[in-house]
Structures are given as structure tokens and as C-alpha cells.
Amino acid sequence: GFDASVTLRNLTTGAGPVPGSSLSRVATLAALQGHSVEVRASGPQAGDVVQTVLALADRRFDEAPEQETGPEVPASSAPGPLPASPGIAIGPARRLTRPVSGVADGGRPLPAEQEWQRLEVAIATARRDLEALRTAAVRDLGAAEAGIFDAHLELLGDSELLDDARRAIAAGSPAGQAWRQAIRSVETAWAALPDSYLRGRAADVRAVGDDVLLALTGGSAATLLEPGILVATDLTPAQAAGLDLALVTGIALAQGSASSHAAILARARGIPAVVGAGPELLRTAEGTPLALNGTTGELVVDPGREVLARYRSAADRHAAVHARDLTEAGEPAVTRDGVHIEVGANIGSAADARAAAAAGADNAGLVRTEFLFLGRDRPPTVAEQETEYAAIAGALGGRRITLRTLDVGGDKPLPYVPAPVEANPFLGLRGIRLALQEKNLLAEQLQAICRAARRTPVDVMFPMVSQVQELLDAVEVLREAAGPDDLPPRLRVGIMVEVPATALNVAAFLPHLDFLSIGTNDLTQYALAAERGNPHVAGIYDVLDPGVLRLVGETCTGAAGSVPVGVCGESAADPVALPILLGLGVRHVSVAPAAVPQVKAQVRTLDLAECRALAERALAAGDSLGVRRLVAGADRRT
Ligand code: PEP
Ligand code: MG
């Protein structure tokens with residue numbers, strides 16, 4: 001930012017001089033704590049630059065004192081592996097790979113000026129993607145952890161790196177080759193540095209290089225190249241949504257929790273998964289045989305013959321039970337005492353809706369419409385949305401679909417919705433709060449929903465509602481979106497109960513809605529102050545905590561039979577939780593498509609009077625473990 005030219009030299013090692021404006025060159029000084037560094041500046045603001053650098057050095061470059069960084073988290077602190085999506089998977093470990101090794105330049109190079117423009121456009125695209133990732137990381141992890149993206153962004157604007165690429169283009173290289181060459185020389189220089197931390201950063205240079213090459217080729221995002229069990233640190237919702245089911249037979253994540261969106265998507269797609277397995281999982285080499293049980297949370301690296309035999313027979317048993325449940329899945333789920341419990345599916349697309357129909361779902365109890373909005377750089381148009389909603393309803397043979405309005409913020413950032421940097425994003429502008437600020441986006445979505453609702457039965461559902469006024473404001477946008485005609489006659493309006501205060505204050509909302517749907521994923525995190533994706537509090541996060549169950553019970557009693565109450569959180573598919581939820585008064589549930597047959601089969605084994613007695617005892621239990629023991633005891637008696 002200064003009008004000056006600056007060079008740096010490491011006087012201790014003799015490295016340099018290098019231009020101070022280039023991160024790629026400054027890193028090669030390998031300047032460590034205690035080294036002497038010479039700063040030389042010339043130009044109108046030379047003095048200011050030197051003063052600024054000296055002041056920075058005095059402030060220890062604004063680094064936190066070492067003791068504040070805290071001890072490294074030992075590998076054994078991982079609570080897992082934890083069960084995240086039921087089923088057995090056996091196969092080789094596979095990592096996500098970016099298919100960028102192919103040629104970034106087809107045919108002959110264009111004139112140098114055009115090749116340079118191609119590179120500039122690709123760099124701008126990579127910059128935009130990185131900025132979106134950075135915004136998400138600041139919100140989800142904090143500014144310090146997001147710092148890595150600052151370094152990546154800095155590299156994209158690195159004057160020396162760009163000069164190298166420009167020179168190669170001028171000498172006749174196509175853009176991709178020039179960029180690869182320039183990146184490789186920085187990567188090689190960093191990989192040769194004496195300090196191991198800086199050496200490790202060569203991987204960052206390569207990652208930034210790959211981002212640009214990917215943009216240049218229009219290549220696809222990271223994916224599996226061969227079938228097997230996907231091993232990764234964690235998955236973003238967009239990554240999880242984009243997995244190729246033909247290749248991914250199982251998922252093992254070092255981080256994450258069973259209620260993260262990656263786990264939810266794995267369940268929706270019936271991919272067995274374990275999460276929170278700890279950092280040592282990432283040392284597993286590509287191709288290493290793995291066996292995992294997503295129902296119990298077991299993960300075995302390099303299983304012996306005996307273990308494999310055990311897993312194979314468990315997989316066979318699992319498949320036999322599933323096949324039996326599936327043959328009856330199209331029938332209604334009626335309890336032993338004759339009460340019909342609707343079992344819907346939680347879906348994110350028309351493809352999911354087809355899977356839901358095949359699994360015998362009675363309806364779509366939760367359409368996470370945000371998946372239409374994720375992974376793109378502008379929102380879908382009203383017409384695009386209407387088409388998708390109609391396709392979802394069509395795939396379900398015209399059965400009722402519950403369209404939840406855009407639920408972003410928290411762990412689901414959108415690149416084109418400018419979300420503020422918040423210290424606690426899960427307690428900030430999420431769900432309906434953000435939607436009411438982005439009124440155009442909400443209004444367009446509600447227009448699409450109204451159009452769909454004139455053709456097929458639709459419920460519209462607002463997420464994360466905590467204030468009656470939010471519901472009133474959202475309904476006003478809905479009325480405007482409906483246009484001069486009144487609201488479509490078959491359109492019903494409801495809210496998700498995800499905030500404890502809402503659960504306790506349900507009566508105040510009743511005059512303005514037609515149904516309630518309890519989102520136990522979020523309700524649990526807010527009731528127990530335990531973030532749903534945080535593996536360190538995964539042991540606290542449990543829907544079976546008597547306090548959380550009490551909130552479910554209050555919602556049902558608050559609704560006083562005047563509107564139906566459902567559960568669309570993942571807990572409805574938990575065989576331990578289901579009888580208690582029904583006992584508390586829940587009368588319809590919505591679960592991952594793959595879980596529909598099993599939930600319907602379980603409903604048919606239950607008696608509501610027994611469920612009520614069980615729920616009463618659960619509310620009196622001291623903790624979630626006590627509740628689980630109760631259910632296990634009830635199972636033994638029946
Ligand atoms: C929930 O919170 O329970 C829910 C169903 O919504 P989501 O998981 O999409 O936040
Ligand atoms: Mg939610």
C-alpha cells in the first residue's frame with residue numbers, strides 16, 4: 001500500500017535480497033524468530049515503510065504469544081469414531097482428488113495477450129472461490145484458522161509469480177503451462193527451505209496453483225477417481241452433495257459429527273459413514289483396506305481375515321433386513337394400536353425425491369431447498385426453482401412436499417449472500433433471520449413456491465423462527481409473492497421448532513400457522529449449548545437428553561392438538577428415540593430416504609400407550625444415558 005520499492009535480506013543466513021511485495025519471494029528468506037532482517041526502501045514513502053515494518057517487528061508481527069496458542073490437541077482427544085450413517089462398508093481408502101493433471105491448454109496457444117487474459121480470468125475465478133471459502137472459515141472457525149486463505153489470496157496477487165507467468169506467456173507458452181511453470185518454481189524453492197513449517201507450506205502453493213488450473217480448464221471439483229471408502233478431514237455440504245454414489249461405498253471422516261450436514265447427506269444417500277475418527281485417520285495411505293460399521297461407529301484399518309468375515313456377515317444380515325423392510329415400505333405405517341404415523345423423507349433435490357419414492361416415503365416432510373442455492377455463484381431464478389419444485393413433487397407422484405425456505409448461515413454459507421463476520425454464527429443471522437434481510441431472495445423463492453403450490457400440494461416452512469414477528473413478516477412476504485390472487489388454497493404454512501424459546505412459546509405462534517415441525521438437530525444443539533458439528537462436544541449433543549425431550553413434549557402440548565406436530569430432525573430415524581418422540585405426541589416424522597423402510601417397520605412394532613409410558617419415564621431420567629437404558633429395558637420386555 002505504500003508508494004515505495006522495498007527489498008528484504010536475511011542478514012543471519014545471507015539469503016536475499018528479495019522484493020518485499022512478493023510473498024513467494026519473502027518466504028524464501030526463511031526468516032525465523034531471532035534472525036536479523038534488513039529492510040531497504042526507496043521512493044516517496046520509503047521512510048513510512050521502514051517505520052511501519054519496525055513497528056510491526058516491535059509488536060512481534062501481531063502474533064499471539066506462544067503460550068496462548070495452547071498445547072496441541074492430542075490425537076487421542078477425538079471422541080470417535082462415531083456412527084454417522086448406518087450400514088457396513090468394506091473397501092480401499094480413497095482420497096478426494098482434483099483431476100487437474102490433464103492439459104490446461106488445448107491445441108496451439110492463442111496470441112500472448114489473449115493467453116494472459118485467460119490466465120487473469122482464471123485467477124479472478126480462483127480468487128472469488130477462495131474469498132467465499134475464507135468468509136465461511138472466518139465464520140465457522142475464527143479469523144486465526146481462516147488465515148491460511150489470506151496467504152492463498154496473497155499468492156494469487158504475488159507480483160513476482162505473476163511476472164514469471166507473464167514472461168513465459170510472452171515467450172510463447174500457453175497460459176496453463178506458464179502458470180504451472182511459475183508455480184512449480186515457487187513450490188520447489190519453498191520445499192527446499194530449512195524450516196519444516198515453511199517447507200510444509202509448499203503444499204499451499206500447489207493448492208493455489210491447482211485452483212487456478214482448475215478454473216483455466218473449467219475442470220470439476222475434487223472427487224474420487226476409483227471406488228472405495230472416502231477418507232477426508234471433513235466434507236462441506238456442497239462436497240457431500242456432489243459425491244459420486246457409484247464410487248463412494250463408505251465415508252470415514254477425521255472430524256465432524258453425526259449431525260453435521262455431511263453426515264445428514266450420507267444418511268440421505270444411504271452411504272455408511274463414521275465421523276470424528278481423529279487426525280490419525282488421515283495418515284492412512286491411499287488404497288489401505290478399511291472396514292467400517294456406520295451403525296456402531298467401528299472403523300478398522302487393514303482388517304485381518306477374521307474381522308473381514310465378521311463384517312461381511314454383518315453386511316449380509318443388514319442387507320437381508322433392509323430388503324424385507326423395503327418390500328413393505330410402500331404400505332402405511334400403522335402402530336399396533338391402529339394409529340397411522342406418516343413417514344416422510346428429508347430431501348434436497350429431485351434425485352433425492354426419486355430415491356424417497358422408491359423407499360416408500362409418504363411425502364417429503366423436509367425439502368432442504370438451500371441445496372438448490374449452494375455451489376453456484378448466483379441464485380437460481382424463479383423459473384428454475386419452480387421447475388425443480390415441480391420435479392420434486394412429480395417424482396413423489398404428487399404427494400405433499402414441504403418446502404423449507406432458504407436456511408443458510410451457520411454451516412451453510414452462500415457466496416452471493418454477503419453474511420457478516422460473526423463471533424458466533426450459529427447464534428447469528430441464520431435461517432429466517434438472514435432470509436428476512438435478503439428479502440429479494442426470499443420473495444423470489446416464495447413466488448416459485450406459490451407457483452408450484454397452484455399445481456401440487458405444498459407446505460411452506462420457515463426455519464429457525466424464534467419470534468412471532470418473524471413469522472408475521474415472512475407471511476407478509478409470502479402474501480406479496482402470491483400476487484393479486486390469494487394464497488394458493490392447498491398451501492399450508494408452518495415453522496420449524498429449532499430454538500428452545502420457540503418450543504416453550506408455541507401457543508403464541510399457533511394462530512398464524514397450520515403445522516409445526518421440530519428440527520431436533522438444531523433444537524438439540526441450542527438446548528444443550530453443544531454445536532452440532534463439533535466433535536469435542538459430540539458426547540454432550542444428544543437428543544435423548546431429558547431436557548431436550550421435555551422441549552419436544554412442550555411443543556406437542558403447546559400445540560394442544562390444534563395443529564399437527566412432526567419431527568424432521570435426524571432423531572426420528574434413531575430407533576431408540578422414535579418410540580419416545582411418538583410417546584411425547586409427535587404424529588408424523590420425516591427422515592433420510594434410505595431410512596424410510598426401517599422407520600416404517602419400527603412404527604408397526606410400537607404401541608402408543610407403551611410409548612407414552614416410556615416417554616414419561618424418559619422425562620424423569622437424570623440424563624441421556626438413563627434414557628437409553630430405559631429404552632433398552634423396554635426392548636427386552638417386548
Ligand atoms: C434440524 O435442525 O433438525 C433440521 C431438520 O434442519 P437442518 O438439519 O437442515 O438444520
Ligand atoms: Mg435446522
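Only a predicted model underlies this, so the values are computations on that prediction, with no experimental measurement involved. Atoms within a ligand are numbered from 1 in the order they appear, just like the ligands themselves.
Checked against the Mg ion (ligand 2), the N, O or S atom of E498 at the shortest distance is OE2. Note on D522: its N/O/S atom closest to the Mg ion (ligand 2) is OD2.
Formation of a donor-acceptor pair under 3.5 Å by the T524 side chain with backbone atoms of D542 is not found in this model. Judged by distance alone, with hydrogens and angles left aside, the side-chain atoms of S590 form a donor-acceptor pair with the main-chain N or O of G365 at under 3.5 Å.
R404 has a carboxylate O that lies under 4.0 Å from a charged side-chain N of E370, or vice versa, which qualifies the two as a salt bridge. In this structure, D545 does not pair ionically with R550, as no charged nitrogen and carboxylate oxygen lie closer than 4.0 Å.
Contacts with ligand 1 closer than 4.0 Å are made by side-chain heavy atoms of M496 only, the backbone lying farther away. In L366, the part holding a heavy atom less than 4.0 Å from any atom of ligand 1 is the side chain.
At under 3.5 Å, not a single nitrogen or oxygen of E570, backbone or side chain, sits near a nitrogen or oxygen of ligand 1. Ligand 1 has no nitrogen or oxygen under 3.5 angstrom from a nitrogen or oxygen of E370. Between E498 and ligand 1, a contact under 3.5 Å exists for at least one N or O pair.
Once rounded to the nearest 0.5 Å, the distance linking CG of N440 with CD of Q445 reads 13.0 Å.
The shortest heavy-atom distance from R404 to ligand 1 is under 4.0 Å.
Qualifying side chain to side chain donor-acceptor pair (under 3.5 Å) partners for N363, counting only residues two or more places apart in sequence or in other chains: E342. For R455, the salt bridge (Lys or Arg N to Asp or Glu O under 4.0 Å) partners two or more places apart in sequence, or in a different chain, are E386.
Here is the list of ligand 1 atoms found below 4.0 Å of a heavy atom in C568: 5 (C).
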